[in-house]
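Right, one structure below, let's go through it.
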Amino acid sequence: DQQVKQNSPSLSVQEGRISILNCDYTNSMFDYFLWYKKYPAEGPTFLISISSIKDKNEDGRFTVFLNKSAKHLSLHIVPSQPGDSAVYFCAASEGGANSKLTFGKGITLSVRP
Amino acid sequence: DGGITQSPKYLFRKEGQNVTLSCEQNLNHDAMYWYRQDPGQGLRLIYYSQIVNDFQKGDIAEGYSVSREKKESFPLTVTSAQKNPTAFYLCASSIDPAGYNEQFFGPGTRLTVL
(Lines give C-alpha, C1' and ligand atoms only; values in the text may rest on other atoms or scores of the structure.)
Protein backbone atom coordinates (compact mmCIF):
# COMPACT_ATOMS: atom_id res chain seq x y z
CA ASP A 1 0.00 0.00 0.00
CA GLN A 2 1.50 3.31 -1.06
CA GLN A 3 1.85 5.71 1.83
CA VAL A 4 2.98 8.64 -0.33
CA LYS A 5 1.02 9.23 -3.51
CA GLN A 6 1.76 11.49 -6.43
CA ASN A 7 -1.29 10.78 -8.52
CA SER A 8 -0.45 12.89 -11.55
CA PRO A 9 2.45 11.33 -13.43
CA SER A 10 3.19 14.43 -15.50
CA LEU A 11 2.62 18.17 -15.73
CA SER A 12 3.33 20.61 -18.54
CA VAL A 13 3.43 24.38 -17.99
CA GLN A 14 4.47 27.46 -19.91
CA GLU A 15 7.70 29.21 -18.97
CA GLY A 16 7.02 32.02 -16.51
CA ARG A 17 3.80 30.50 -15.20
CA ILE A 18 3.26 28.70 -11.91
CA SER A 19 3.85 24.96 -11.53
CA ILE A 20 1.87 23.21 -8.81
CA LEU A 21 2.92 19.68 -7.93
CA ASN A 22 0.69 17.74 -5.54
CA CYS A 23 1.36 14.97 -3.05
CA ASP A 24 -0.93 13.04 -0.70
CA TYR A 25 -0.02 10.76 2.17
CA THR A 26 -1.88 8.22 4.28
CA ASN A 27 0.38 7.66 7.28
CA SER A 28 -0.65 10.05 10.06
CA MET A 29 2.72 9.46 11.77
CA PHE A 30 4.58 11.33 9.02
CA ASP A 31 6.04 14.43 10.56
CA TYR A 32 8.53 15.79 8.05
CA PHE A 33 8.16 16.21 4.31
CA LEU A 34 10.68 16.84 1.56
CA TRP A 35 10.75 17.51 -2.17
CA TYR A 36 13.53 16.28 -4.40
CA LYS A 37 14.31 17.05 -8.03
CA LYS A 38 15.84 14.42 -10.28
CA TYR A 39 17.32 14.45 -13.78
CA PRO A 40 17.64 11.18 -15.74
CA ALA A 41 20.56 8.95 -14.72
CA GLU A 42 21.46 11.24 -11.80
CA GLY A 43 20.82 11.18 -8.08
CA PRO A 44 17.99 13.29 -6.65
CA THR A 45 18.84 16.71 -5.27
CA PHE A 46 17.11 18.15 -2.23
CA LEU A 47 14.85 21.15 -2.92
CA ILE A 48 12.85 22.09 0.13
CA SER A 49 11.33 20.58 3.27
CA ILE A 50 8.61 21.30 5.79
CA SER A 51 7.89 19.98 9.25
CA SER A 52 4.38 19.33 10.48
CA ILE A 53 4.42 22.29 12.83
CA LYS A 54 4.37 24.60 9.82
CA ASP A 55 1.93 25.02 6.96
CA LYS A 56 4.25 26.85 4.59
CA ASN A 57 7.93 27.06 3.81
CA GLU A 58 9.47 29.25 1.14
CA ASP A 59 12.86 29.25 -0.53
CA GLY A 60 13.27 31.53 -3.51
CA ARG A 61 11.01 30.37 -6.33
CA PHE A 62 9.96 27.27 -4.40
CA THR A 63 7.19 27.15 -1.80
CA VAL A 64 5.82 24.06 -0.09
CA PHE A 65 2.37 24.08 1.51
CA LEU A 66 1.21 21.47 4.01
CA ASN A 67 -2.40 20.72 4.91
CA LYS A 68 -2.21 18.19 7.73
CA SER A 69 -5.94 17.68 8.08
CA ALA A 70 -6.18 16.73 4.41
CA LYS A 71 -2.86 14.86 4.46
CA HIS A 72 -1.83 16.87 1.43
CA LEU A 73 1.16 18.91 0.43
CA SER A 74 2.03 20.82 -2.68
CA LEU A 75 5.12 22.37 -4.24
CA HIS A 76 4.72 25.67 -6.05
CA ILE A 77 7.37 26.89 -8.47
CA VAL A 78 7.05 30.52 -9.53
CA PRO A 79 8.06 31.50 -12.13
CA SER A 80 8.70 28.20 -13.88
CA GLN A 81 11.84 27.97 -15.99
CA PRO A 82 12.88 25.44 -18.68
CA GLY A 83 15.66 24.23 -16.36
CA ASP A 84 12.99 23.13 -13.90
CA SER A 85 12.03 20.32 -16.28
CA ALA A 86 12.75 17.15 -14.29
CA VAL A 87 11.09 14.49 -12.16
CA TYR A 88 9.97 15.72 -8.74
CA PHE A 89 9.65 13.33 -5.82
CA CYS A 90 7.71 13.92 -2.66
CA ALA A 91 9.09 12.13 0.42
CA ALA A 92 7.98 11.78 4.03
CA SER A 93 9.52 10.77 7.33
CA GLU A 94 8.10 9.93 10.74
CA GLY A 95 10.80 12.11 12.25
CA GLY A 96 12.25 11.51 15.68
CA ALA A 97 14.87 8.81 15.72
CA ASN A 98 13.57 7.23 12.55
CA SER A 99 15.28 8.67 9.52
CA LYS A 100 13.66 6.45 6.89
CA LEU A 101 12.15 8.30 3.96
CA THR A 102 9.13 7.04 2.04
CA PHE A 103 9.00 8.33 -1.53
CA GLY A 104 6.17 8.86 -3.98
CA LYS A 105 6.48 7.70 -7.59
CA GLY A 106 7.35 11.14 -8.88
CA ILE A 107 5.89 13.73 -11.26
CA THR A 108 7.56 14.62 -14.55
CA LEU A 109 7.45 18.39 -15.00
CA SER A 110 7.96 19.86 -18.47
CA VAL A 111 8.35 23.62 -18.76
CA ARG A 112 7.73 24.85 -22.31
CA PRO A 113 9.75 27.86 -23.53
CA ASP B 1 34.83 18.83 -2.47
CA GLY B 2 32.47 17.03 -0.10
CA GLY B 3 30.04 14.55 -1.53
CA ILE B 4 28.94 11.00 -2.19
CA THR B 5 30.57 8.87 -4.82
CA GLN B 6 29.21 5.68 -6.31
CA SER B 7 31.13 3.40 -8.56
CA PRO B 8 30.89 2.20 -11.18
CA LYS B 9 28.34 4.31 -13.08
CA TYR B 10 27.27 1.32 -15.20
CA LEU B 11 27.61 -2.31 -14.22
CA PHE B 12 26.81 -5.47 -16.09
CA ARG B 13 26.67 -8.91 -14.60
CA LYS B 14 25.67 -12.35 -15.66
CA GLU B 15 22.73 -14.04 -14.06
CA GLY B 16 23.76 -15.99 -10.97
CA GLN B 17 26.71 -13.76 -10.06
CA ASN B 18 27.00 -11.63 -6.96
CA VAL B 19 28.08 -8.01 -7.47
CA THR B 20 29.08 -5.27 -5.04
CA LEU B 21 28.22 -1.61 -5.53
CA SER B 22 30.45 0.95 -3.89
CA CYS B 23 29.30 4.01 -1.93
CA GLU B 24 31.70 6.43 -0.25
CA GLN B 25 30.98 9.75 1.46
CA ASN B 26 33.35 12.38 2.84
CA LEU B 27 30.62 14.48 4.45
CA ASN B 28 31.22 12.98 7.91
CA HIS B 29 27.59 11.85 7.94
CA ASP B 30 26.50 9.21 10.42
CA ALA B 31 23.61 7.70 8.48
CA MET B 32 23.74 6.04 5.06
CA TYR B 33 21.07 4.47 2.85
CA TRP B 34 20.61 2.35 -0.25
CA TYR B 35 17.62 2.79 -2.56
CA ARG B 36 16.52 1.17 -5.75
CA GLN B 37 14.63 2.95 -8.54
CA ASP B 38 12.72 1.13 -11.28
CA PRO B 39 11.10 2.85 -14.29
CA GLY B 40 7.97 4.75 -13.31
CA GLN B 41 8.57 4.00 -9.66
CA GLY B 42 9.69 5.98 -6.69
CA LEU B 43 12.76 5.18 -4.65
CA ARG B 44 12.44 2.09 -2.48
CA LEU B 45 14.64 1.60 0.58
CA ILE B 46 16.84 -1.50 0.58
CA TYR B 47 19.01 -1.08 3.69
CA TYR B 48 20.06 1.74 5.96
CA SER B 49 22.70 2.30 8.60
CA GLN B 50 22.44 4.88 11.35
CA ILE B 51 25.87 4.22 12.82
CA VAL B 52 29.03 2.27 12.10
CA ASN B 53 28.72 -1.51 12.58
CA ASP B 54 24.94 -1.35 12.59
CA PHE B 55 22.35 -1.54 9.81
CA GLN B 56 18.67 -2.32 9.35
CA LYS B 57 16.58 -3.81 6.58
CA GLY B 58 14.45 -1.48 4.54
CA ASP B 59 11.33 -2.33 2.59
CA ILE B 60 12.95 -4.58 -0.04
CA ALA B 61 16.03 -6.16 1.58
CA GLU B 62 15.60 -9.68 0.20
CA GLY B 63 18.49 -10.68 -2.05
CA TYR B 64 20.75 -7.87 -0.85
CA SER B 65 23.41 -7.54 1.85
CA VAL B 66 25.41 -4.62 3.26
CA SER B 67 28.23 -3.84 5.66
CA ARG B 68 29.21 -0.71 7.54
CA GLU B 69 32.73 -1.19 8.83
CA LYS B 70 33.76 2.43 8.29
CA LYS B 71 31.78 5.62 8.69
CA GLU B 72 32.48 6.75 5.15
CA SER B 73 31.68 3.49 3.34
CA PHE B 74 28.46 1.51 2.87
CA PRO B 75 28.83 -1.12 0.11
CA LEU B 76 25.82 -3.01 -1.21
CA THR B 77 26.04 -6.59 -2.50
CA VAL B 78 23.40 -7.74 -4.93
CA THR B 79 23.28 -11.50 -4.57
CA SER B 80 22.09 -14.15 -6.98
CA ALA B 81 19.01 -14.51 -4.75
CA GLN B 82 17.69 -11.13 -5.93
CA LYS B 83 15.06 -12.04 -8.54
CA ASN B 84 14.99 -8.79 -10.51
CA PRO B 85 18.32 -7.04 -9.93
CA THR B 86 18.30 -4.82 -13.04
CA ALA B 87 17.65 -1.31 -11.71
CA PHE B 88 19.15 2.06 -10.88
CA TYR B 89 20.75 1.98 -7.41
CA LEU B 90 21.15 5.13 -5.32
CA CYS B 91 23.17 5.65 -2.18
CA ALA B 92 22.42 8.49 0.20
CA SER B 93 23.63 9.89 3.50
CA SER B 94 22.34 12.24 6.18
CA ILE B 95 24.20 14.11 8.88
CA ASP B 96 22.65 12.11 11.69
CA PRO B 97 19.99 9.44 12.08
CA ALA B 98 17.30 11.85 13.30
CA GLY B 99 14.34 12.08 11.01
CA TYR B 100 14.45 15.84 10.42
CA ASN B 101 17.44 15.98 8.13
CA GLU B 102 17.56 15.82 4.37
CA GLN B 103 19.36 12.98 2.68
CA PHE B 104 22.03 13.71 0.10
CA PHE B 105 22.28 11.36 -2.85
CA GLY B 106 25.12 10.03 -4.94
CA PRO B 107 25.00 9.91 -8.76
CA GLY B 108 23.75 6.30 -8.86
CA THR B 109 24.83 3.00 -10.42
CA ARG B 110 22.83 1.38 -13.19
CA LEU B 111 23.02 -2.39 -12.87
CA THR B 112 22.04 -4.57 -15.80
CA VAL B 113 21.82 -8.33 -15.52
CA LEU B 114 22.47 -10.09 -18.81
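Here is how names work: the chains are called A, B, and so on, in the same order as the sequence lines, proteins then strands, and each is numbered from 1. Owing to the predicted nature of the structure, the values given are computational and were not obtained by experimental measurement. Just so it is clear, the values below take in all heavy atoms, side chains as well, and ignore hydrogens, waters and symmetry mates.
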statement: Checked Arg44(B), Gln37(B), Lys9(B) vs chain A; the most non-hydrogen pairs under 4.5 Å come from Gln37(B)

- prompt: Would a 4.5 Å heavy-atom cut-off, applied to side chains only, mark Ile18(A) and His76(A) as touching?
  reply: yes

- prompt: Pick from Ala41(A), Gly106(A), Gly104(A): which one has the most heavy-atom pairs with chain B under 4.5 Å?
  reply: Ala41(A)

statement: Answer key: most heavy-atom pairs under 4.5 Å with chain B among Pro44(A), Gly43(A), Pro9(A) is Pro44(A)

message: Please classify the contact of Leu43(B) with chain A as side chain, backbone, both or neither, using a heavy-atom distance under 4.5 Å.
response: both

- prompt: With the threshold set at 4.0 Å, does a side-chain nitrogen-carboxylate oxygen contact exist between Asp30(B) and Lys71(B)?
  reply: yes

- prompt: Where does the angle between the aromatic ring planes of Tyr33(B) and Tyr48(B) fall among parallel (under 30°), tilted (30 to 60°) and perpendicular (over 60°)?
  reply: parallel

query: Tyr35(B) and ring pair (Phe, Tyr, Trp, His ring centres under 6.0 Å): which partner among Phe74(B), Phe105(B), Tyr89(B)?
result: Phe105(B)

